[in-house]
Amino acid sequence: GSEWFPKSIYDLDICAKRVIMYGAGLDADHPGFKDKEYRERRMMFGELALQYKHGEPIPRIEYTDSERKTWGVIYRKLRELHKKYACKQFLDNFDLLERHCGYSENNIPQLEDICKFLKGFSRSLGPNESLFSAKTGFRVRPVAGYLSARDFLAGLAYRVFFCTQYVRHHADPFYTPEPDTVHELMGHMALFADPDFAQFSQEIGLASLGASEEDLKKLATLYFFSIEFGLSSDDAADSPMKEHGSNNERFKVYGAGLLSSAGELQHAVEGSATIIRFDPDRVVEQECLITTFQSAYFYTRNFEEAQQKLRMFTNNMKRPFIVRYNPYTESVEVL
Ligand code: H2B
Ligand code: FE
């Protein structure tokens, strides 16, 4: 645990530069590998993200017709499925994104607008009246591609989500081997406006700062089976009456990996996928699968329960120091 980690939100500029894969480095099995135009476009996104510094406005992207077409196809399909299977907090906040951030099937939203929304916004109700709606202060910042789990989770400690701005290759709108802006915007953004979810996310991040390799891997796995693939049960789901109900009767989905993938979402709730209680000691034994559907999913009653269980688990992790987040200075004190 003697490795460097960011002590201030400005240090995330350092994490953002350590991209593992982007642009020219596209793997041979990537759908865009042989497409020169796509590779050049990706280089442009990569450079924009690498030049970005904390505190600057996020560059607005003019998306191409092809990118907007890809977005629209996925948007239509996913919204249909969200309405059936997503949890209430996700749906309520997604409505707000549509109202305030330019979310629609014809428009790819801009990260800068989402940042402003997550901070909170005021609306004039009349000459002497306005309504302020505070959100969570979560921020997004552009990133050129995949980061190490350590760098990525460090962002969450500062309520910062490293967010790609490029769009997957148009050859296969329903498949991407890496995170792209469709995954981030359709899957992740809505819940960062939820206070309990934001707190849960930040606490995974804070636990990761300076963690041992072994603990970091556990935290990355907990992140994966909650924020990416988590489900929740409605209040009656554990009652004997519902115990034998089908997955879609018993569970709602909150994980971004599911809410941004029509195929895996349907696999998880429409079929007979294995869904078991989120218990960190059990979850960390599970393998994270990247190119296939997960072989099991995990649920909690709500975000508070996920939070409590995470806390009990991280309290037992050994670090030779204590980290304390200071929200006024957006920095971490190491004690
Ligand atoms: N990097 C980027 N750019 N986006 C992610 O969603 C992401 C990442 N996820 N690095 C991380 C790793 C995640 O799979 C966990 C923490 O390992
Ligand atoms: Fe993700």
Side-chain angles (χ1 to χ4, degrees), residues 5-6 12-23 25-27 30 42 45-46 48-50 52 58 74 78 86 90 111 114 138-168 175-192 197-198 200-209 211-230 253-261 264-265 280 283-284 286-294 297-298 310 314:
F5 61 86
L12 295 178
D13 290 346
I14 298 165
C15 300
K17 289 207 161 47
R18 303 194 281 204
V19 188
I20 294 172
M21 184 182 88
Y22 76 98
L26 290 182
D27 277 341
H30 191 286
R42 283 293 294 274
F45 281 104
L48 267 187
L50 288 172
Y52 179 82
I58 302 172
I74 309 169
L78 287 177
F90 180 90
L111 299 189
I114 294 167
F138 236 92
R139 292 190 176 94
V140 293
R141 61 170 291 161
V143 71
Y146 208 73
L147 297 178
S148 71
R150 194 178 281 284
D151 285 327
F152 183 78
L153 293 178
L156 297 181
Y158 295 90
R159 295 201 171 207
V160 170
F161 182 75
F162 288 105
C163 193
T164 55
Q165 275 186 300
Y166 56 81
V167 178
R168 64 193 63 185
Y175 175 73
T176 171
E178 52 177 353
D180 76 330
T181 207
V182 183
H183 164 73
E184 326 280 33
L185 299 173
M186 295 301 292
H188 283 288
M189 288 309 124
L191 282 179
F192 286 130
F197 185 83
F200 175 75
S201 306
Q202 181 174 25
E203 287 190 23
I204 294 187
L206 286 167
S208 80
L209 299 177
S212 67
E213 278 309 310
E214 196 188 334
D215 286 345
L216 197 97
K217 183 160 179 295
K218 291 179 181 169
L219 290 165
T221 305
L222 292 171
Y223 169 92
F224 196 80
F225 286 106
S226 56
I227 294 176
E228 292 291 350
F229 290 99
V253 177
Y254 73 87
L258 289 174
L259 292 171
S260 65
S261 161
E264 188 156 6
L265 180 53
V283 176
V284 298
Q286 190 73 16
E287 195 188 344
C288 307
L289 302 171
I290 304 298
T291 53
T292 65
F293 295 163
Q294 304 309 313
Y297 304 89
F298 298 88
L310 174 75
T314 56

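Along the sequence shown, the residues carry numbers beginning at 1. Counting starts at 1 for both ligands and their atoms, in listed order.
Across all non-hydrogen atoms, the minimal contact from Ala220 to Ala149 is CB-CB, 4.0 Å.
Annotation: Lys217, atom NZ; neighbour count of heavy atoms from other residues, nucleotides and ligands within 6.0 Å does not exceed 12.
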Please tabulate, line by line, the atom pairs linking an N/O of ligand 1 to a protein N/O at a distance below 3.5 Å, with the distance in Å to 0.1, or answer 'none'.
{"unit_1": "ligand 1", "atom_1": "1 (N)", "unit_2": "Leu147", "atom_2": "N", "d": "3.0"}
{"unit_1": "ligand 1", "atom_1": "3 (N)", "unit_2": "Gly145", "atom_2": "O", "d": "2.8"}
{"unit_1": "ligand 1", "atom_1": "10 (N)", "unit_2": "Leu147", "atom_2": "O", "d": "2.7"}
{"unit_1": "ligand 1", "atom_1": "14 (O)", "unit_2": "Tyr146", "atom_2": "OH", "d": "3.3"}

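Of all N, O or S atoms in Glu228, the one lying closest to the Fe ion (ligand 2) is OE2.
Using a 4.5 Å cut-off on side-chain heavy atoms (C-beta onward), Phe161 and Arg141 make no contact.
Ring pair Phe229/Phe224 is tilted by interplanar angle, where 30° to 60° counts as tilted.
Under 3.5 Å, the side chains of Glu228 and His188 contain a donor-acceptor pair of N or O atoms.
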For this session: Might you work through the salt bridge (Lys or Arg N to Asp or Glu O under 4.0 Å) test for Arg42 and Glu178, ending with a clear yes or no?
Result: CA-CA 13 Å; Arg42 283 293 294 274; Glu178 52 177 353; 2.7 Å; yes
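Angle NE2(His188) to the Fe ion (ligand 2) to NE2(His183): 90° [nearest 10 degrees].
Qualifying salt bridge (Lys or Arg N to Asp or Glu O under 4.0 Å) partners for Arg159, counting only residues two or more places apart in sequence or in other chains: none.
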